Amino acid sequence: MTASSPLRFAHTVTERFLRYVAIDTQSDPASPTCPSTEKQKDLGRLLASELRAMGLFDAHLDEHGYVYATIQANSEKQVPVICFCSHMDTSPDCTGANVKPQIVKNYGGGDIVLPADPSQVIRASEHPALAEQIGHDIITTDGTTLLGADNKAGIAEIMDAAQFLIQNPQIKHGTIKILFTPDEEIGRGVDKVDLKKLGADFAYTIDGETAGNIEDETFSADGVTITVEGVSTHPGFAKGKMEHAIKIAAAIVDRLPKTTCSPETTDGRQGFLHPIGITGALETTTLGFIVRDFTEAGLKEKEALLEKIVKEVMLDFPRSTYRLEIKQQYRNMKQVIDRHPEIVDNAIEAIRRAGLSPVRTSIRGGTDGSRLSFMGLPCPNIFAGEHAFHSRLEWVSVQDMEKAVQTIVHLATIWEERA
Ligand SMILES: [Zn+2]
């Protein structure tokens, strides 16, 4: 398929999206089960049955809440098996029950006031991406819930692309796998995925923000725990003896860089050191940190800085001791994805054929794709069009979702062309 023979796409992604956001799939970090909430299976069952109705007869929801399906190859070539993946759960940060979507047709610019709670306003000044949406149809909530475009936009786009490929057998493609996961928002999205059963060579999550973006880099992440052992005495008889673990910990936090190296002072490709918890008493106090950077060297540098601060503070408390433990959390997926440059090259070409300007960018966080990449399934992230996610101001545009459908279809054909 080239730009000179445009495909005739249907406008069905929106009705799918509206059907999926009506189902509450909020995940719960306090739950020990998988999926963390049983209601995620309500959406999983619907998706599996819709996929079977399309003719994907192996489509099923497994006991852990994952949906798997296969679009059979219609090409004679040896095409790598590609998987498209999205997550079914929504964020625990904002309610996802009784979502009532509103469509602002032919957006003309300016602020969007949400009808059920006029204090909720999507302000053009705070959401610069709105400026790109003039003339588009924007889906918002009524102001009382999140929307769930993160990541039901991705699900609707994959479903719509699957339907399109099945209805247009003249479009050649290899075997395509579909995977919908639970519990991504609580960091457990790939805990129970069966990669052997999936059988894919490469994958794409469809869970990015701005139309045209492809993200092939995530943070690398460590956790650091510092345990301070002070010297405890009765406070009435403490002069010259007591060394207070809480005060030592406070001194460490106070010496962290104030104008750099924190989430509130960095963006783009800068990493940070970030305290996430402090518990303790006079004798023992524990400090938890997360460390983020795009490179291994950057992580090491920040961890060395933290230890230097701790050592300096401890000089004032000669009879106290500390323990510093570093735990690896996840790594920048670029290390894996760069071994197969065709994964991103093909996506960039697909985005271009969908009529967008591709933007290759990085994520200041981790994704299911970063974990999948290190589990052996290289997996960058393609835009789904979702904006202001995890909030009542969440929105997505109909036209961006349609561009994502086109990108997925083109991507399937490009892998076949280049095989
Ligand atoms: Zn997401």
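Keep in mind that the numbers below use all heavy atoms, side chains included, and drop hydrogens, waters and symmetry copies. Counting starts at 1 for both ligands and their atoms, in listed order. Just so we're clear, the structure is a prediction, and the values are computed from it rather than from any experiment.
Taking the six-membered ring wherever Trp is involved, the centroid distance between the rings of Phe294 and Phe219 falls below 6.0 Å. Taking the six-membered ring where the residue is Trp, the centroids of Phe9 and Phe164 are separated by under 6.0 Å.
Coordination check, Glu386 versus the Zn ion (ligand 1): failed, since every N/O/S atom of the residue sits at 2.8 Å or beyond. The nearest N, O or S atom of Asp150 is closer to the Zn ion (ligand 1) than 2.8 Å.
Using the six-membered ring where Trp is involved, His387 and Trp395 have ring planes that are parallel, under 30° apart on the 30 and 60° scheme.
Across Ile343, Thr367, Val336, a single residue satisfies side-chain contact (heavy atoms from CB on, under 4.5 Å) together with Ser373, and that is Val336.
The atom name of the N/O/S atom in Asp207 closest to the Zn ion (ligand 1) is OD2.
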